[in-house]
Each structure stands twice: as structure tokens, then as C-alpha cells.
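Notes for the one structure printed next.
Just so you know, these numbers use all the heavy atoms, side chains as well, and skip hydrogens, waters and symmetry mates. From a predicted model like this one, the values you see are computed outputs, not experimental measurements.
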Amino acid sequence: MYDIDTSLDNQILAVMKNRPAVVFTEADDPRVVEAACHLTRFIRPVFLRTEEQIKKTVHEELTHVDPTRVEFTFSESAFVDIEERVDLLDEFTQALLNVPECMARAGTIEEAQRMVREPARFGIMTVRQGHADCVVGGIRHEPREYFRPMVRLLAKQEILSEAGVFVLPDSHPQGIFPHNVFVVGDVGVNATMTPEVLANVAVGTCAVARDIFPEDVMPQINGAMVSYSNKGSDEGPSPELVRRAAALVPEVLAERIKQGKRYEKINIEPEVKVSVALSQRSAQLYRRGQDQDFFGGTNVIIVPNLDTGNLLFHLYATRYPEAKKFSVMFGIRFQGVDLPMDCNAEDVALGVKASVLRMHRFKHWSRTPKDTFFPRHRVLAVNPGSTSTKIAVYEGSLERFTDEIQHPAAELAPYEGKRVVEQYGMRKEIILNALADHGIAVEDLDAVSGRGGLLQPIPHGTYHVNDRMRDDLLAGTGADHASNLGALIARELTDGTGKPSFIVDPVVVDEAPERVKVTGMKAIERKVISHALNQIATARRYASENETFYEYLNLIVCHMGGGITVGAHARGRYIDVNNGLDGEGPFSPQRSGSEPTGQLIRLCFSGQYTLEDLLRLNKGRGGLLDLLGTADFREVEQRVKDAEPEACKVYEAMVYQLCKEITSLLPAFDGDGVDQVLLTGGLARSEMLVGDIRSGVAALGCGVTAYPGENEMFALVKGALRVLDGKEEAQEYDPGN
């Protein structure tokens with residue numbers, strides 16, 4: 001049986017940049033709730049019931065659903081008690097009084113008030129007024145209660161249609177429909193069919209098929225406009241309707257092709273008997289003596305009236321109850337999903353996914369017009385470097401802009417020989433100017449999130465930039481580093497505005513137990529300094545993509561950039577990691593990694609190197625740069641592919657050390673299994689390296705997922721958003737207490 005579920009998932013993920021808000025009008029139906037629990041990766045659910053009511057449904061009827069999946073869905077959802085949303089009821093009432101009469105406008109204010117209190121109408125108006133992007137209903141509502149109002153109120157063009165999609169089980173005879181998949185239209189909208197309507201239904205139904213089935217599965221969409229007459233063999237109103245519609249199809253299809261070249265792979269054959277459309281044998285017999293060469297391999301059936309389409313849909317649904325079936329609306333710009341009353345939870349999910357895929361594919365949609373249910377907090381992220389400052393403004397999870405502000409030597413000259421933190425005033429003013437260039441003032445922001453610096457060790461999380469943090473940074477209790485500017489600039493920007501300033505997961509995050517820090521020398525204790533921001537952000541991303549929580553997983557995260565850190569994350573705690581700053585762990589493009597202690601001591605006293613020479617070899621001039629003369633891993637990879645002996649030797653050693661470091665963390669989990677190994681950082685862009693690491697750690701018995709690159713700016717924003725959205729409490733920096 002064709003795996004349409006995975007196909008839709010992969011297609012959505014390939015084009016998705018944001019998640020639409022989807023309103024479920026029948027939110028206490030267990031099929032709807034179960035479907036929503038499998039959709040959260042792709043949508044933001046809005047349930048028109050209270051959270052307590054939904055929990056009751058889960059408790060009574062969905063005990064078979066993974067509780068973690070339910071918990072994750074609830075954390076990503078909005079719950080609406082209609083009677084308590086007086087603001088929306090008033091807005092919808094007025095809107096319903098003002099719509100054109102053809103849209104079933106309410107005659108009186110009392111009638112409008114009654115209508116908008118109905119979940120179906122409330123959900124439809126939520127989308128019409130821009131508070132959500134798509135409404136889902138029909139599983140309990142009669143067509144006149146949900147479907148007809150939805151069609152009238154959300155229509156974006158004069159001619160609409162509804163396509164019914166079937167994925168039939170393997171028990172269905174093979175060879176009739178390619179992959180046992182077919183689409184039929186119209187199944188729900190047009191009680192009166194004209195040639196213009198039928199031509200648009202034909203093209204629209206084929207366009208739906210083209211949108212949701214990849215070309216490697218269906219290279220060609222073959223539609224057949226069926227009739228009791230085959231190619232002029234009979235007369236009557238129905239064949240005449242089909243013939244007149246067929247004459248209009250080329251023009252309608254040409255307009256559709258202007259919207260996307262993928263529609264060039266649509267072929268529509270008019271006036272064909274159903275037997276000819278579905279049987280090669282019948283096609284060969286019926287075309288005798290005719291010039292037409294019918295193509296066969298039909299995957300779309302266009303019927304000349306609503307009764308036939310509806311009959312076909314429900315006939316196949318009852319004949320093959322194990323089939324996967326859903327409908328897709330055409331002409332309302334993906335804003336509504338109509339559910340058959342006899343559908344199951346999987347059918348609900350498929351119908352929503354199909355609409356969401358088309359929504360992304362057409363690029364008419366980028367975000368929910370209004371942030372009523374999911375506020376879009378505006379956050380500025382600040383990430384200072386030694387000669388530049390990166391800033392980014394996000395509205396919710398959508399980037400508004402990102403800038404990297406360069407600081408030329410003349411600008412930094414007054415600070416020569418001084419501590420880097422003294423630059424925060426100068427950099428603050430430059431950031432304010434950059435914001436102004438984008439039409440943003442600090443008052444327009446909801447928070448500023450700065451890169452955390454070399455503070456005293458603290459647990460992971462989002463922290464307020466409080467007085468203690470500011471004082472520690474200014475006093476220089478840690479090393480002098482450009483990242484120390486992040487918190488100071490964030491604090492300065494928000495001072496006096498009432499807006500919060502944060503840092504997120506600084507490099508000094510330390511949740512390691514004492515056993516991690518003890519060495520064989522009393523004078524030396526291991527320090528925990530790492531790429532904590534990217535490590536934890538990557539772990540959270542993996543958890544979210546798998547619809548669970550960071551706190552529920554055991555993960556090993558390997559950050560591979562100019563420096564390499566490999567960390568153990570045990571159910572929400574960052575319990576072990578090599579000190580990449582000081583050179584522990586595998587060698588990297590520019591760092592030497594751990595060295596044999598005795599040989600290193602002798603080298604230190606050999607007189608061959610100064611202290612500065614060795615420090616540079618440890619960090620900055622070591623690793624691949626010292627071994628192969630380049631820190632560019634792309635060059636190293638090419639030299640390996642060219643079978644250069646020295647490059648092959650060094651590369652093999654690097655892979656071995658990475659795998660060794662990853663697998664060495666197994667004891668950190670005290671016998672618990674590892675759920676996944678995550679590879680991130682710039683080196684994770686190398687498919688060769690990722691593949692070799694995957695092979696090298698296979699004995700762990702878990703999978704390996706690569707997240708190439710790092711997005712520190714978005715990680716800073718996400719930390720702030722977790723607090724602003726009420727999912728996490730900001731912590732207070734108070735080390736030692």
C-alpha cells in the first residue's frame with residue numbers, strides 16, 4: 001500500500017518555513033484529537049474546547065495514544081472557550097452582518113450572535129477574520145451546518161470544487177490505478193454543473209493530484225472526464241455538457257500552468273466511458289475505428305455531476321474500509337478541510353496535511369495574519385564577536401532581518417589594550433542605529449537576548465541579566481572574551497524600558513557531577529566549557545521534531561566546527577562534555593585536542609616552543625591546520641577523495657577520535673540507553689564525514705541525525721520565546737546558591 005503519510009510528511013518538511021494555525025471545530029471528537037496529536041510538527045492546533053474538556057476525551061477514549069505525544073501536542077496548542085471570547089464573538093457578529101447576502105449573511109444581530117456561538121461558524125469566522133489559517137470540520141456536522149457555510153464564507157474564486165483522494169489497499173486489483181491511488185472530483189460542491197464549472201473542476205481536480213503526489217510517484221496526471229458516451233458514440237445532455245466543457249479545458253489548464261510548471265504534466269481526456277478510463281482492454285476495444293489514441297493509466301476521474309462523484313467516493317469508502325481517504329478543497333486557498341463523518345483519525349490527519357502542503361507549495365501564505373492565539377513576540381538577538389556584532393530580530397519563529405555589523409580597526413582603536421567589555425556602550429549605539437535603519441525602536445521589542453559570556457558555572461536555561469551578572473562581567477571574574485558583551489549590551493538596551501534582557505545557555509553551562517571533574521592530579525580539576533548554546537538548541541530541535549521534550553531523552557550531541565565538543569544530555573541535564581576551549585577531546589580544524597600527557601610535558605620543557613607557541617598549537621594553529629596545512633575541511637575532504645596518503649591518514653584518525661569520544665560517553669547515562677546521536681556544526685555539512693561517523697558508532701544501537709551548521713541567533717531567540725510564551729521560567733544568575 002502506497003505510504004502517503006510519509007510522502008506528505010517529507011514533502012511538507014521540504015517546503016515548510018512556518019506552521020499555520022489550524023482550528024478544530026469538533027475538538028472533543030476523539031478522532032480529531034488523535035489526529036491533532038500526529039500533526040503538531042506541521043501545524044499549531046487551535047481547539048474550540050477547554051484544555052480540561054480535551055483531557056477528558058483523552059482520558060476516556062485515547063488511552064492507546066502515547067501520553068508524551070499528547071503532552072507535547074497540548075504544549076503547542078491553543079484552547080478556546082467560545083463563550084469567554086467576547087472580543088471575538090463581537091467581531092464575528094459584526095462581520096457576519098456585513099458579508100454579502102450570497103454568503104448567508106445574518107438577517108438580525110440576534111441571528112448573527114446565535115450563529116457565531118456555534119463551533120462550526122466560530123471556526124470558519126476565525127479563519128475568515130485572519131485569526132487562524134485553516135478550519136477543520138464536518139466529522140459531526142451536517143453539510144448545511146459546516147460545509148456549506150465554510151464554502152461560502154471562505155471562497156476565493158467563483159468556481160469551487162472538492163476532490164476525493166483514495167489510497168487503496170493491496171487487496172484492490174492491481175493495474176487499474178497506478179500505485180492503487182486515484183482522485184475523483186467533484187465530490188461535494190457543485191449541485192448544478194455547467195460547462196465552465198466542469199472545465200474548472202477537471203483542471204482543479206488534476207491540479208490537486210499534481211500538488212500532493214510527487215512526480216517520481218506519478219510522472220503524469222492522467223484525468224478522464226467520464227460520460228456514458230465514449231468519444232461521440234451517443235447523444236444527450238450529459239455528453240453535450242462534457243463536450244462543451246472539454247473545449248474550455250485547454251484555456252483553463254493554460255492558466256493553471258502559469259502558476260507552476262509542474263502542471264504541464266497534466267493530461268485530460270474528455271468524453272470517456274468509465275470502463276475505457278479504467279481498463280486497457282476496454283480502451284483497445286472502444287477505440288477501434290477511431291483516430292484517438294487513449295493513453296490509459298488513469299489516476300483522476302472527473303464526473304459530470306455531484307451525485308456521481310459523491311457516490312464514487314462513498315462506494316469505494318465502504319467497499320474498502322481499510323483504504324486511506326480524504327478530501328481536498330479547491331478554490332478556498334487551502335483554508336478549509338471537510339471531513340467525512342465515517343473517517344478515522346488517520347484520514348483526518350491526511351486531509352489536514354494535504355491542505356497544509358498545498359498552502360506552502362503555492363507560497364500565498366507565510367504566517368497567520370493575526371497572532372491572536374499564538375503571540376508573535378518580537379525578540380532582538382545580540383551575538384558579539386571580536387571584530388563584529390551579529391544582530392537579528394525575530395517575530396515569533398520568523399526572522400525579520402539579520403545583520404552582521406563589522407567594526408573596523410579605526411572604530412576599535414580607542415579600546416586597544418583595554419578589556420573588551422568596555423566596548424559595550426559603543427556597540428550599543430551602533431545596534432540602535434541598525435535597528436532604526438529597519439524602522440525598529442527598542443520600545444517595539446518584547447525582549448533582548450544576548451550571547452552569554454564567561455561567567456561562573458551555572459545550569460542550562462534562560463537567565464535574566466541581573467545586577468550580579470552585570471557586576472561579574474564588568475569585574476572580569478571570568479576570562480576576557482567578546483561574548484561577555486552580549487549580556488551587557490542586552491541590559492543596556494532594555495534599561496528603563498520595562499522589557500526583559502536575557503542570556504541563553506552560555507559556554508559555562510555546567511551540570512556535570514563531581515565524578516566528571518576529578519583527575520589523577522589533585523592540582524587539576526576538569527572545567528566544563530563548551531558550545532552549550534548550540535548543543536542544547538540542537539537537542540531541543542531533535543526533541544521537537546520527534547514531538548517530545550528535551551527532558552525525556554538521552555542524547556549525545558557532537559558539535560563540529562573550528563572547535564569540537566561532544567556532550568551527554570540525560571533527560572534535560574547536560575551532564576558531561578569535553579572542554580573544547582582548552583583543547584580536550586578530538587582534534588579539530590584548528591585545535592590540537594587531547595595530547596599524551598607525558599609527551600606534552602616533555603615538549604613544554606624541550607626549548608623548541610615558547611608558551612605562546614604551544615598555546616597557539618593548542619587553539620588556533622593546531623589540528624588539521626598543523627597536520628595538513630589547512631583548516632578548510634572541504635579541501636581536506638577533496639584530498640581524501642583524491643586518495644592523498646597523508647590526508648587519508650589524518651582524516652581516518654579524526655573520524656576515529658570523534659567516534660571514540662562519542663561512544664566514550666555511554667557510561668554517563670548510568671546504564672540507560674541512548675536515544676540518538678546528533679551531529680551539528682559546520683563539519684556536519686560533509687556527507688562523507690557524517691556517513692563515516694554513523695558507521696563508526698553503529699554499535700551504540702541508536703540512530704544518528706545530522707543538523708548541519710549552527711544557528712546561534714535563533715537559539716538565543718528561542719530561549720527568550722520559551723520564557724515569553726510561558727513554557728519556561730527565566731532563572732536568576734546567582735552562582736554558588
Nearest 0.5 Å, please: how far is CG in L485 from OG in S386?
10.5 Å

Could you grab the distance from atom CG of L617 to atom CD of E612, nearest 0.5 Å is fine?
12.0 Å

Sidechain N-carboxylate O distance under 4.0 Å for D576, R515:
no

S388 and H407 side chains, donor-acceptor separation under 3.5 Å:
no

Roughly how far, to the nearest 0.5 Å, is CG of L432 from CZ of R427?
14.5 Å

Flag the pair D692 / L658 as yes when at least one side-chain heavy-atom distance between them is below 4.5 Å, and no otherwise.
no

Do F401 and H438 make the cut of ring centroids closer than 6.0 angstrom?
yes

Quiz question: by atom type and distance under 3.5 Å, do the side chains of T40 and E76 form a donor-acceptor pair?
no

Considering only NZ, NE, NH1 and NH2 on the basic side and carboxylate oxygens on the acidic side, decide whether R634 and D632 come within less than 4.0 Å.
yes

Donor-acceptor side-chain pairing of S544 and E547 below 3.5 angstrom:
no

Quiz question: by atom type and distance under 3.5 Å, do the side chains of T387 and Q406 form a donor-acceptor pair?
no

Aromatic centroids of F502 and H464 separated by under 6.0 Å:
yes

Parallel, tilted or perpendicular: which fits the ring planes of H559 and H531, with parallel below 30° and perpendicular above 60°?
parallel

Is any side-chain heavy atom of M426 closer than 4.5 Å to a side-chain heavy atom of L412?
yes

Ion pair K619/D582, N-O distance below 4.0 Å
no

Under 3.5 Å: donor-acceptor pair, side chain of D642, backbone of E644:
no

K353 atom NZ: more than 12 heavy-atom contacts under 6.0 Å
yes

For Y550 and H460, I'd like to know if the aromatic rings sit close, meaning centre-to-centre distance below 6.0 Å.
yes

Provide the closest heavy-atom pair for G620 versus L625 in the form atom of the first, atom of the second, distance.
O-CD2, 3.5 Å

For Y424, I'd like to know if atom OH has over 12 heavy atoms of other residues, nucleotides or ligands within 6.0 Å.
no

Are the side chains of R19 and F42 in contact, using a 4.5 Å heavy-atom criterion?
no

Using only heavy-atom distances, determine whether the side chains of S501 and R491 contain a donor-acceptor pair under 3.5 Å.
no

E687 atom CD: more than 12 heavy-atom contacts under 6.0 Å
no

Tell me whether R526 is salt-bridged to E584, with the criterion being a basic N under 4.0 Å from an acidic carboxylate O.
yes

Say whether N18 and S366, considering side chains only, have a donor N or O and an acceptor N or O under 3.5 Å apart.
no

Within-4.5 Å side-chain heavy-atom neighbours: K718 and M713
no

Within the structure provided, determine whether Q456 and V508 are in side-chain contact (heavy-atom separation under 4.5 Å).
no

In terms of heavy-atom contacts, M654 and P589 come closest through CE-CD, 4.2 Å

Is there a donor-acceptor pair closer than 3.5 Å between any side-chain N or O of D613 and the backbone N or O of T610?
yes

Any idea which heavy atoms bring I575 and A668 closest together, and the distance?
CD1-O, 3.1 Å

Going by an N to O cut-off under 4.0 Å, is there a salt bridge joining E395 and R400?
yes

Flag, side chain of D403 to backbone of A434, donor-acceptor distance under 3.5 Å:
no

For R451 and P384, indicate whether the former's side chain and the latter's backbone hold a donor-acceptor pair under 3.5 Å.
no

Would a 4.5 Å heavy-atom cut-off, applied to side chains only, mark E399 and T402 as touching?
yes

Is it the case that more than 12 heavy atoms not belonging to Y656 sit under 6.0 Å from its OH atom?
no

Kindly assign one of parallel, tilted or perpendicular to the pair Y574 and H569, based on the angle between their ring planes and the thresholds 30° and 60°.
parallel

Compare all side-chain heavy atoms of N578 with those of E661 and state whether any distance is below 4.5 angstrom.
yes

Using a strict cut-off of less than 4.0 Å between a Lys/Arg side-chain nitrogen and an Asp/Glu carboxylate oxygen, indicate whether R541 and E545 qualify as a salt bridge.
yes

Please check: side-chain N/O of T630 versus main-chain N/O of E635, any donor-acceptor pairing under 3.5 Å?
no

Within the 4.5 Å heavy-atom criterion, are V420 and H481 side-chain neighbours or not?
no

Counting distance only, does the side-chain N/O of D510 pair as donor-acceptor with the main-chain N or O of I458 below 3.5 Å?
no

Taking NZ, NE, NH1 and NH2 as the nitrogens, is one of them in E646 or K649 under 4.0 Å from a carboxylate oxygen of the other?
yes

Main chain of F213, side chain of R210: is a donor-acceptor contact present, judged purely on distance under 3.5 Å?
yes

Could you give the distance from NZ (K517) to CD1 (I524), rounded to the nearest 0.5 Å?
16.0 Å

